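Below: one structure, written as structure tokens.
Start at 1 with the first residue, then count along the sequence. Everything numeric here is computed off the predicted structure, so don't read it as measured data. Side chains included, hydrogens not; waters and symmetry mates left out as well; all remaining heavy atoms used.
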Amino acid sequence: MLSKDLLGLRGLNRRDITRILDKAGDMKKRVDNPELRGKELDKLSAVTIFYENSTRTRMSFTAAAEYLGMKINDLGVSSSSVQKGERLTDTAKTIDAMGVSVIIMRHSQTGAAHLMAKNVRASVINAGDGCNEHPTQALLDLYTIREHKGCIEGLKVAVIGDVAHSRVARSNAFGLSAFGAETVFYGPPAFLSKSAESLGDNIRVANDMNDAVRGADVVMGLRIQFERQKAAGIPDLREYAYLYGINQGVLDLAKPDALVMHPAPVNRGIEMTSDVIDHERSVIKEQVKNGVAVRMAILSLFAE
Ligand code: CP
């Protein structure tokens, strides 16, 4: 039973996640074929409120809404009354009073979407809150993995990079754990904490790149969250690329049919070499396409 809001994958069980992924499977045909797009949400409207920058998440929610006939507007935080000092909860109540069904929100503070959800009647979809969660990204990642591998259970997923600041890493760990997959984190000590192992079952921190990637079914890079670094947190970028970047040699440690994934945007040549980004086993562009299908499923399941 899904609740009013989608705030994170922590607390969602395998059945809930499978319901969303199955619905996304139905929706994907409509991404590919405009003739199949419907109007079932044409009486409803959504608003995107992004206090942080975005290309993929915001644009794919916009496309997803349009493919379902749903009206969608963007608050445009930089030109809104937020700039006059309006508080988050007041902005929330103002938008809610206009009768929107869904509020899609990104914010730099952990828990911002939870606060918004408590103050509105509309369904709130968390499009990323600080270092906490990015559930729709993890759902599209899970969808992409399942589409290629046939299942998620029992897979080894190596997640490499800035784990400590990554809401994508956390949401993926919750989702993979719900399916009984193994999540193995690896990155520079400043970007890694043993506490990551307490996020769920079958999650561990690797000792080195070989330990992380050997035999992996999926190799997932993470963006360095430059905007979230504390002082002295960033290693030298050339050294970072040498020690923690995903290149062909790293990929050779994984299974021969391992997928290459990255939530993007990618810092080319730092987190991943260009040949790996554009590798025949890279599904980074498919992740973007699947993001539209998954967000159509989410709008369809959460809007009312
Ligand atoms: N992956 C992701 O969230 O990308 P955007 O920041 O472009 O939305």
Side-chain angles (χ1 to χ4, degrees), residues 2-3 5-18 20-21 106-115 117 126-142 145-146 151-225 227-230 232-235 240 243-244 246 254 261-263 271:
L2 296 167
S3 62
D5 310 294
L6 177 59
L7 302 177
L9 291 199
R10 177 172 244 165
L12 252 59
N13 60 33
R14 183 192 297 219
R15 199 183 50 195
D16 295 334
I17 296 172
T18 300
I20 298 169
L21 302 189
R106 173 172 287 188
H107 200 282
S108 60
Q109 295 297 317
T110 288
H114 299 69
L115 180 63
N126 183 4
D129 63 324
C131 302
N132 183 36
E133 283 227 42
H134 191 350
T136 67
Q137 176 69 44
L139 286 165
L140 75 88
D141 293 339
L142 292 170
I145 292 170
R146 192 180 76 163
C151 67
I152 300 167
E153 295 84 345
L155 299 180
K156 175 178 177 179
V157 180
V159 181
I160 311 297
D162 184 0
V163 176
H165 302 101
S166 175
R167 52 200 180 201
V168 175
R170 284 171 60 85
S171 288
N172 265 292
F174 294 134
L176 291 165
S177 188
F179 282 90
E182 181 186 18
T183 306
V184 185
F185 290 130
Y186 183 60
F191 291 169
L192 205 57
S193 161
K194 276 298 242 187
S195 66
E197 295 183 346
S198 64
L199 293 175
D201 297 332
N202 289 324
I203 299 170
R204 69 181 178 90
V205 172
N207 298 319
D208 53 37
M209 189 67 98
N210 182 55
D211 179 26
V213 179
R214 186 162 295 284
D217 298 282
V218 177
V219 181
M220 184 184 293
L222 296 174
R223 184 175 71 83
I224 304 174
Q225 306 276 302
E227 68 275 31
R228 297 186 216 291
Q229 307 298 325
K230 307 260 185 320
I234 308 174
Y240 184 95
L243 293 174
Y244 306 105
I246 300 169
M261 301 180 75
H262 193 297
E271 296 140 13

Using the test side-chain hydrogen bond (donor to acceptor under 3.5 Å, both in side chains), find all partners of S195 that sit at least two apart in sequence or belong to another chain.
S193

d(L115 CG, L7 CG) to nearest 0.5 Å is 11.0 Å

For L243, give me all partners under side-chain contact (heavy atoms from CB on, under 4.5 Å), at least two apart in sequence or on another chain.
E239

Using residues 167-180 as the side-chain source, report each donor-acceptor pair under 3.5 Å to any protein atom, sequence neighbours left out, with the distance given to one decimal.
{"unit_1": "R167", "atom_1": "NH1", "unit_2": "E52", "atom_2": "OE1", "d": "3.0"}
{"unit_1": "R167", "atom_1": "NH1", "unit_2": "G130", "atom_2": "O", "d": "3.2"}
{"unit_1": "R167", "atom_1": "NH2", "unit_2": "E52", "atom_2": "OE1", "d": "3.0"}
{"unit_1": "R170", "atom_1": "NE", "unit_2": "N132", "atom_2": "O", "d": "2.8"}
{"unit_1": "R170", "atom_1": "NH2", "unit_2": "N132", "atom_2": "OD1", "d": "3.3"}
{"unit_1": "S171", "atom_1": "OG", "unit_2": "E133", "atom_2": "OE1", "d": "2.5"}
{"unit_1": "S171", "atom_1": "OG", "unit_2": "H134", "atom_2": "N", "d": "2.9"}
{"unit_1": "S171", "atom_1": "OG", "unit_2": "R167", "atom_2": "O", "d": "3.4"}
{"unit_1": "N172", "atom_1": "ND2", "unit_2": "D141", "atom_2": "OD2", "d": "2.9"}
{"unit_1": "N172", "atom_1": "ND2", "unit_2": "V168", "atom_2": "O", "d": "3.2"}
{"unit_1": "S177", "atom_1": "OG", "unit_2": "D201", "atom_2": "N", "d": "2.9"}
{"unit_1": "S177", "atom_1": "OG", "unit_2": "D201", "atom_2": "O", "d": "3.0"}

Run the side-chain hydrogen bond (donor to acceptor under 3.5 Å, both in side chains) test against N210 and tell me which residues pass, sequence neighbours left out.
R214

Can you list the residues that meet the side-chain hydrogen bond (donor to acceptor under 3.5 Å, both in side chains) rule with T110, with sequence neighbours excluded?
none

Got a sec, which residues hit side-chain hydrogen bond (donor to acceptor under 3.5 Å, both in side chains) with T136, two or more places apart in sequence or on another chain?
R295

Qualifying side chain to side chain donor-acceptor pair (under 3.5 Å) pairs with a residue from residues 153-163, counting only residues at least two apart or across chains
R14-E153, D162-H165, D162-Q229

By salt bridge (Lys or Arg N to Asp or Glu O under 4.0 Å), D16 pairs with (sequence neighbours left out) none

Taking only residues two or more places apart in sequence or in another chain, which ones pass salt bridge (Lys or Arg N to Asp or Glu O under 4.0 Å) with R10?
none

Test: salt bridge (charged side-chain N to carboxylate O under 4.0 Å, His left out). Region: residues 173-192. Which pairs qualify, not counting sequence neighbours?
E182-R204

Does a side-chain heavy-atom distance below 4.5 Å link H262 with I246?
no

Can you name the residues that form a ring pair (Phe, Tyr, Trp, His ring centres under 6.0 Å) with Y186, not counting sequence neighbours?
Y244

Below 4.5 Å, heavy atoms only, C-beta onward: do L139 and L21 meet side chain to side chain?
yes

